[in-house]
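A short worksheet on the structure shown next.
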Amino acid sequence: VQLVESGGGLEQAGGSLRLSCAASERTSSTFAMAWFRQAPGKDREFVSAINWNIRTYYADSVKGRFTISRDNAKNTVYLQMNSLKPEDTAVYYCAARGSGVSNDERDYNYWGQGTQVTVSS
């Protein structure tokens, strides 16, 4: 499974961005999809995940501002990011695993190349 992220960019604080992650093959039947991010000088951290049955999970830092969704027909997962803050600045990675959701990056088998999100104050 290959994952390709898009939608990153530069946005002002309070603005919105939508990230997309397109999978190279069908991932809808059993795969859990997730977003992680890595800020400069920091470890990669969990942002959000969505299970095959559309159950969603969020880090406390983004709860109420970010929304994860998936379109199984398009093999694509999205991350709608609203009310952006400068501390959301990071490279955002899409990840997939062939079982249930996890917030531990070590549990994910497939990764995208990342997309940069920069939020200016």
Side-chain angles (χ1 to χ4, degrees):
V1 177
Q2 292 183 328
L3 305 174
V4 179
E5 302 100 332
S6 61
L10 174 64
E11 184 59 72
Q12 292 185 335
S16 299
L17 285 172
R18 188 176 84 153
L19 306 183
S20 300
C21 173
S24 61
E25 60 189 74
R26 183 175 177 84
T27 58
S28 61
S29 59
T30 59
F31 277 60
M33 306 291 293
W35 289 95
F36 289 79
R37 66 186 181 186
Q38 187 168 22
K42 295 187 177 181
D43 293 335
R44 189 154 54 184
E45 64 175 3
F46 171 78
V47 176
S48 182
I50 186 166
N51 217 340
W52 64 272
N53 59 0
I54 319 299
R55 186 169 181 178
T56 58
Y57 303 82
Y58 298 94
D60 288 342
S61 59
V62 306
K63 202 171 293 184
R65 300 188 298 121
F66 291 9
T67 302
I68 191 171
S69 61
R70 67 192 295 170
D71 184 336
N72 290 334
K74 296 181 178 180
N75 295 331
T76 300
V77 63
Y78 305 96
L79 185 68
Q80 178 66 44
M81 305 186 295
N82 298 329
S83 302
L84 284 164
K85 303 175 180 180
E87 50 263 44
D88 294 320
T89 295
V91 177
Y92 283 70
Y93 296 91
C94 177
R97 68 191 298 251
S99 56
V101 164
S102 170
N103 63 359
D104 188 336
E105 63 174 314
R106 295 170 295 181
D107 292 333
Y108 286 84
N109 311 100
Y110 307 101
W111 291 86
Q113 81 289 350
T115 185
Q116 177 70 46
V117 170
T118 303
V119 183
S120 62
S121 57

Give every donor-acceptor pair under 3.5 Å between a side-chain atom in residues 8-23 and any protein atom, sequence neighbours left out.
{"unit_1": "Ser16", "atom_1": "OG", "unit_2": "Asn82", "atom_2": "OD1", "d": "2.9"}

Heavy-atom neighbours of Lys63 NZ exceed 12 at 6.0 Å: yes
Any Arg44 side-chain heavy atom under 4.5 Å of Trp111 side chain: yes
Minimum-distance pair of heavy atoms, taken over all atoms of Val101 and Ala49: CG1-CB, 3.6 Å
Separation of Arg37 CZ from Met81 CE (nearest 0.5 Å): 9.0 Å
Pairs where residues 68-109 contributes a residue and the test ring pair (Phe, Tyr, Trp, His ring centres under 6.0 Å) is met, not counting sequence neighbours: Phe36-Tyr108
Listed once per pair and sorted, the salt bridge (Lys or Arg N to Asp or Glu O under 4.0 Å) pairs that draw on residues 110-121, sequence neighbours left out: none
Straight-line distance of Leu79 CG to Met33 CE, nearest 0.5 Å: 12.0 Å
Approximate separation, where rounding is to 0.5 Å, of Gln38 CD and Asp43 CG: 7.0 Å
ILVMFWY network linking Tyr110 to Ile68, side-chain heavy atoms under 4.5 angstrom: yes
Least distance between heavy atoms, Leu3 atom then Gln113 atom: O-OE1, 3.7 Å
Glu87/Val119 under side chain to side chain contact (heavy atoms under 4.5 Å, CB included): CA gap, chis, key distance, verdict: CA-CA 8 Å; Glu87 50 263 44; Val119 183; over 6 Å; no
Contact summary for Val47 and Val62, nearest pair of heavy atoms: O-CG2, 3.5 Å
Note, Trp35 side chain near Phe66 side chain (heavy atom, < 4.5 Å): no
Any residue meeting side-chain contact (heavy atoms from CB on, under 4.5 Å) with Arg55, in chain and number order, not counting sequence neighbours: Asn51, Asn53, Tyr57
Asp104: partners by side-chain contact (heavy atoms from CB on, under 4.5 Å), with sequence neighbours left out: Ser102, Arg106, Asp107
Step-by-step side chain to side chain contact (heavy atoms under 4.5 Å, CB included) determination, Arg65 to Asp88: CA-CA 11 Å; Arg65 300 188 298 121; Asp88 294 320; 2.8 Å; yes
Smallest separation among heavy atoms of Thr67 and Tyr58, with atom names: CA-OH, 3.3 Å
Heavy-atom pair with the smallest gap, counting every atom of Arg70 and Ile50: NH1-O, 3.5 Å
CD/Glu45: more than 12 non-hydrogen atoms of other groups inside 6.0 Å: yes
Side-chain donor or acceptor of Glu5 paired with backbone N/O of Cys94 under 3.5 Å: yes
Pairs involving residues 60-93, ordered by first then second residue, that meet disulfide bond (SG atoms under 2.5 Å apart) (sequence neighbours left out): none
